[in-house]
Student: 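Here it is: the structure, laid out below.
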Amino acid sequence: MKSEPDVFGIEHLKKMPKKTEHWDGVRNYQARNMMRDEMKKGDMVFFYHSNCTEPGIVGIMEVVREGYPDFTAFDPEQKYYDPKSDPDKPCWYMVDVRYKRMTKRLISLQELKGYKALEDCPLVRKGNRLSIMPLTKKQWDFILKLEDKKPG
DNA sequence: GCCAACGTTGGC
DNA sequence: GCCAACGTTGGC
């Protein structure tokens with residue numbers, strides 16, 4: 001899952017009560033479908049910092065609540081308000097995630113792009129803008145092992 | 001339903 | 001700050 005460190009970075013998540021927060025503000029259908037239909041309680045997720053000096057994976061979190069309506073879409077006062085969505089027929093969904101730990105080092109996008117094992121990940125594709133994307137077990141394990149490896 | 005215009009994302 | 005890539009909007 002991607003987020004901008006200046007807006008909501010992993011340091012923010014770490015400081016939340018119970019180190020848990022709802023992942024609001026996603027206004028993209030593919031990403032929404034992921035949260036509404038695919039992500040299950042207990043699933044592990046990499047936290048990815050985007051739009052910053054060194055974009056890449058910085059930590060690990062866990063899904064603690066499965067897809068439910070993103071209430072920030074209902075309130076006109078909210079930044080993420082969307083009139084398309086109302087409580088009777090929610091358009092946008094979110095999950096709750098809990099901080100687990102930092103990765104032992106930042107695993108940069110630049111590095112991830114270099115591995116053949118990850119060439120099928122949407123993340124490393126040019127022009128990718130999806131903020132939430134799935135990893136296969138293989139890809140997840142591969143990235144986890146990179147923690148103990150020197151970058152490059 | 002097509003598609004041009006527009007807005008956003010996000011790496012660089 | 002630039003700009004390519006993509007998603008969304010709206011006129012027709």
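Side chains included, hydrogens not; waters and symmetry mates left out as well; all remaining heavy atoms used. Lettering follows sequence order; numbering is per chain, from 1. Not measured: the values here are computed from a predicted model.
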Student: Mark yes or no for whether A:K18, through its side chain, and A:R98, through its backbone, hold a donor-acceptor pair below 3.5 Å.
Tutor: no
Student: Nearest nucleotide by nearest heavy atom, which residue falls closer to the 5' end of DNA chain C, A:K126 or A:R27?
Tutor: A:K126
Student: Mind checking the CG-OH spacing from A:L146 to A:Y115? Nearest 0.5 Å is all I need.
Tutor: 4.5 Å
Student: Please write out each protein N/O paired with an N/O of nucleotides 1-5 of chain B under 3.5 Å, distance rounded to 0.1 Å.
Tutor:
none

Student: Should we say atom CD of A:E38 is surrounded by more than 12 heavy atoms from elsewhere, each under 6.0 Å from it?
Tutor: yes
Student: With a cut-off of 3.5 Å and sequence neighbours excluded, list every side-chain donor-acceptor pair involving residues 43-58 of chain A.
Tutor:
| from | atom 1 | to | atom 2 | distance (Å) |
| --- | --- | --- | --- | --- |
| A:D43 | OD2 | A:K40 | N | 2.8 |
| A:H49 | NE2 | A:I10 | N | 3.0 |
| A:N51 | ND2 | A:E4 | OE2 | 3.2 |

Student: I'd like to check the side-chain hydrogen bond (donor to acceptor under 3.5 Å, both in side chains) partners of A:D82; sequence neighbours left out, ordered by chain and number.
Tutor: A:K84, A:W92
Student: Determine, for nucleotides 6-12 of chain B in 5'-to-3' order, which nucleotides have protein heavy atoms under 4.0 Å from the base (write B), from only the sugar-phosphate (write S), or from neither (write -).
Tutor: -BBBBBS
Student: Is it true that A:D37 and A:Y93 share a donor-acceptor pair across their side chains at a distance under 3.5 Å?
Tutor: no
Student: Among all residues two or more places apart in sequence or in another chain, which pass the side-chain hydrogen bond (donor to acceptor under 3.5 Å, both in side chains) test with A:R32?
Tutor: none
Student: Determine which pairs satisfy salt bridge (charged side-chain N to carboxylate O under 4.0 Å, His left out) with at least one residue from residues 60-72 of chain A, sequence neighbours left out, and list them in order.
Tutor: A:R27-A:D70, A:E62-A:K100
